[in-house]
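A short worksheet on the structure shown next.
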Protein chains: 2
Amino acid sequence: MNAPRPDPVARPDAETYAIVEGLVAAMRHAVLGCLDPATGAPHLSRIAVQPDCDNVPLALLAGLAAHSRALQADPRAGLLIAAPPGAKGDPMTEARLSLQVRAEVAAPDPARRAAWLARNPKAQVYIDLPDFRFWRLVPVSGLLNAGFGRAVAFGPQDLPPLMRKTPA
Amino acid sequence: MNAPRPDPVARPDAETYAIVEGLVAAMRHAVLGCLDPATGAPHLSRIAVQPDCDNVPLALLAGLAAHSRALQADPRAGLLIAAPPGAKGDPMTEARLSLQVRAEVAAPDPARRAAWLARNPKAQVYIDLPDFRFWRLVPVSGLLNAGFGRAVAFGPQDLPPLMRKTPA
């Protein structure tokens, strides 16, 4: 008699929360997946992203770019957050977090702008161009892949611990 | 009188084809964006991918994974191919290629299996598990981002030069 096959997707625990918090704290770019308004197919792009004051992923996007037009048409998107480039080892065994998010334009906010520039001073060149906007990518659910065959699912009820700081 | 604003998305030329060919030749992993069958929202994951014999991106996927079930339900997907990790510099200025693709299960083929293992001997551990399958991610269109403000669009008519070798 065979033992039942274990569920390959586990529930979050303290260790997996620590991994997720590390990924979110270190994120400076990520891959965004939005829905191409013309075809309905996924369109992927690398974007600049940092944790907002409440750890919600915050993106700085040019309005002219395809992803901005797509998010305006449909705010449902995916976000893949991985360890910074240059980390050693096989990328297929490194932790990465796949979030389903809802994109919202963030209101102009001097504190948000200052926090962004503190982490990325080069953004000074374009952050005030009228075409650029901050977007909050509010997590709906998540899947942490912590290496080959090790996956952890985060439902809406599991996400608040990722956002411990007080929102603006 | 203002000059007309230049189109921010250029047409491919020899230099951009060379960049794309380099990215495709070096790719060993990429980010896949598929459509979550439950929500219709984009779902992103890092996958193992190599150029197939005709340079079409070839993925080796576990059937149990969410992306395999999603591609079975809807073969429209996005693929983001970037330079190998460890490349120096700012990831936002490095070249990356965003493809819209159509996913097709590839028939078992000893030559394809051998070519995959030659580039990734560690795959020996799981390549023959019954759950694993090769998928061809056939490009439909593409967008090369070759650094800040430098984007090149590839339509269906522009893609054949990326696939110069004879398909199996």
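Only heavy atoms go into these numbers, but all of them, side chains included; no hydrogens, no water, no symmetry mates. Quick note on labels: first sequence line is chain A, next is B, and so on, each numbered from 1.
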Give every donor-acceptor pair under 3.5 Å between a side-chain atom in residues 31-44 of chain B and any protein atom, sequence neighbours left out.
{"unit_1": "B/Asp36", "atom_1": "OD1", "unit_2": "B/Ala38", "atom_2": "N", "d": "2.7"}
{"unit_1": "B/Asp36", "atom_1": "OD2", "unit_2": "A/Gln100", "atom_2": "NE2", "d": "2.9"}
{"unit_1": "B/Thr39", "atom_1": "OG1", "unit_2": "B/Ala41", "atom_2": "N", "d": "3.1"}

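Interatomic distance, A/Lys122 NZ to B/Met92 CE, rounded to the nearest 0.5 Å: 12.0 Å.
With a 4.5 Å cut-off on non-hydrogen atoms, B/Leu79 touches chain A through its backbone but not through its side chain. Using a 4.5 Å cut-off between heavy atoms, A/Ile47 contacts chain B through its backbone alone, with no side-chain atom that close.
Top candidate by heavy-atom pairs under 4.5 Å with chain B, chosen from A/Leu80, A/Leu143, A/Val101, is A/Leu80.
Not a single donor-acceptor pair under 3.5 Å links the side chain of B/Arg46 to the backbone N or O of A/Arg96.
The hydrophobic cluster containing A/Val56 does not contain A/Val140, counting ILVMFWY residues as joined when their side-chain heavy atoms lie under 4.5 angstrom apart, directly or transitively.
Among residues two or more places apart in sequence or in another chain, the salt bridge (charged side-chain N to carboxylate O under 4.0 Å, His left out) test is passed with B/Asp13 by none. Remark: B/Arg28 pairs with no residue by the salt bridge (charged side-chain N to carboxylate O under 4.0 Å, His left out) rule, at least two apart or across chains.
The contact list for residues 65-78 of chain B toward chain A, using heavy atoms and a distance under 4.5 Å, reads B/Arg76, B/Ala77, B/Gly78 by residue number.
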